[in-house]
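Report on the following structure.
What you see below is based on every heavy atom in this structure, not just the backbone, and it leaves out hydrogens, waters and symmetry mates. Just so we're clear, the structure is a prediction, and the values are computed from it rather than from any experiment.
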Amino acid sequence: MKYIASIISVVLFGAFSITGCSGGKNKAASATDNDTIAATPRMQLIERLGKVRDAGKFAFGHHDDTAYGHTWRGEEGRSDVKEVTGDYPAIMNWDLGLVEWGTEKQLDGVPFELIHNEALKQNERGGINTFSWHPRNPATKGDSWDTTGGNVVKEAVTEGTALNDTVKVWIGRAADFIGSIKDADGNRVPVIFRPWHEHTGSWFWWGGDNTDTESYKKLWHMTRRIFDDKGIDNVVWAYSPDKVSSVEQYMERYPGDEYVDIMGADVYCFEGDGALDEYASRVKSTLSAAVSQAEARGKLAAFTETGLESITVPAWYTDVLMPLVKEFPVVYVSVWRNADNIPRHFYVPYPGHPAEESFKAFYNDSTTLFAKDISKIK
């Protein structure tokens, strides 16, 4: 199966050059192939994100935005972001955890049918959808944070093993779900998919000390191969390490240019107002690596996950996050969820929260894009 390689010119220079790899040998695609590839949902979204970057703006995202909020769940049309700003976020992130088990609901209790329908609504309003995935540990059946069972990734990518068979099925189910998201005309909706994220840390069974570099890369390759073999052409692929201190650390487990479209970064501010300088330092080292490698490789860069839990610093959006994002040309920044069942677990302010005014100012800044504005960028 041919893999679509780096899109250098579409992102940087307004044209593009595509190569394929099959059997380890590259060959140039024909003009007809290029026309076909350019028409795919994936390429259309890449081009659209390139326009966001070229305009000197960035899109704002929120996880599970319309599925639930700080004090509600499953109420049609509701959004904590919208109730503060009057607008939906430009980007909504959803998680596929438990799709691998074929359950009706994902790991935070959101029905997959609702995710499917809300992703379509977000697309219809001109917004963009992204997907993360917290799959269960295939060796122990524990959750993503269960790091027991040895080098699970190595066994999972080894042909002929039971875990290899299991994980292939799991990846196939994720591919089927993403491929099923189609508009009223039957066209697949383009999405950003961010598998095997935060691998620089050791809290997930696929990350850090729980596996080796080569096995991790093979897991990415296997994932992409299964999606491609199923003809899934609506995925923009995002690589997102957690905080790093160097370019070398950021790139250590990079699967290759032909597998990645977005160079992402996940950096959180968990320590509150007592560690804002440390947070800024982590963001700068990680985003500088992401942006420099994106520019060198003809990719897009994004701040794929961040946030301050409970937003204990009222001016966090304007005084902490905004200056950091403006320092780096990222196409989007996304914060985590507002849980309805964990009172302190929220990352955007709800009406009446002390950070409400800062978030409104963030919304009104000329560089931020929410749903109404990004819908105009085609």
Atom CD1 of I91 and atom CG of L369: how far apart are they, to the nearest 0.5 Å? 9.0 Å
Between T161 and E155: side-chain donor-acceptor atoms closer than 3.5 Å: no
Say whether, by atom type as modelled, one donor and one acceptor occur between the side chain of S281 and the main chain of D277 under 3.5 angstrom. no
Salt bridge (Lys or Arg N to Asp or Glu O under 4.0 Å) between R42 and E47, intermediate numbers included: CA-CA 9 Å; R42 169 177 174 257; E47 186 172 8; over 6 Å; no
Do T367 and D365 have side-chain atoms, one donor and one acceptor, less than 3.5 Å apart? yes
To the nearest 0.5 angstrom, please state how far the NE2 atom of H62 sits from the CH2 atom of W336. 9.5 Å
Just checking, any donor-acceptor pair under 3.5 angstrom between side chains of T130 and N93? yes
What about V313 and F362, same hydrophobic cluster or not, with Ile/Leu/Val/Met/Phe/Trp/Tyr joined at side-chain heavy-atom distances under 4.5 Å? yes
Verify whether one side chain among S202 and N210 offers a donor that lies under 3.5 Å from an acceptor in the other. no
Could you grab the distance from atom OH of Y317 to atom OH of Y363, nearest 0.5 Å is fine? 14.5 Å
Donor-acceptor side-chain pairing of D212 and N151 below 3.5 angstrom: yes
Have N137 and W145 got a donor and an acceptor in their side chains that come within less than 3.5 Å? no
Any side-chain heavy-atom pair from S358 and W316 closer than 4.5 angstrom? no
Which word best sums up how the rings of F177 and H116 line up, parallel for under 30°, tilted for 30 to 60°, or perpendicular for over 60°? perpendicular
Judged by modelled atom types alone, do N164 and T158 share a side-chain donor-acceptor pair under 3.5 Å? no
Using a distance-only test with no angle check, is there a side-chain donor-acceptor pair under 3.5 angstrom linking K360 and N364? no
Could you tell me how the ring of Y216 sits relative to the ring of H199: parallel (under 30°), tilted (30 to 60°) or perpendicular (over 60°)? parallel
Is there a donor-acceptor contact under 3.5 Å linking the side chains of T200 and Y250? no
Counting the benzene-type ring for Trp, do W205 and W196 have ring centres under 6.0 Å apart? yes
Does D80 reach the main-chain N or O of N338 with its side chain, forming a donor-acceptor pair under 3.5 Å? no
Any donor-acceptor N/O pair, R48 side chain to I374 backbone, under 3.5 Å: yes
Does a donor on one side chain and an acceptor on the other come within less than 3.5 Å for W94 and Q106? no
Salt bridge (Lys or Arg N to Asp or Glu O under 4.0 Å) assessment of R136 paired with D146: CA-CA 8 Å; R136 307 286 289 192; D146 179 0; over 6 Å; no
Modelled atom types, side-chain donor and acceptor of D95 and S132, under 3.5 Å: yes
Could you go through the salt bridge (Lys or Arg N to Asp or Glu O under 4.0 Å) check for D266 and R194 one step at a time? CA-CA 11 Å; D266 291 13; R194 195 164 51 89; 3.0 Å; yes
Taking V191's backbone N and O only, do any of them form a donor-acceptor pair with N234's side chain (distance below 3.5 Å, no angle check)? no
Looking at W220, F131, F193, which hits ring-ring contact (aromatic ring centres under 6.0 Å, His included) with F227? F193
Would you say the side-chain atoms of Y350 and E83 include a donor-acceptor pair closer than 3.5 Å? no
Could you check D108 against R337 for salt bridge (Lys or Arg N to Asp or Glu O under 4.0 Å), going step by step and ending with a plain yes or no? CA-CA 10 Å; D108 291 312; R337 68 198 188 104; 3.5 Å; yes
Does either side chain, that of D65 or that of Y68, offer a donor lying less than 3.5 Å from an acceptor on the other one? no
Does F58 have its ring centroid less than 6.0 Å away from the ring centroid of F328? no
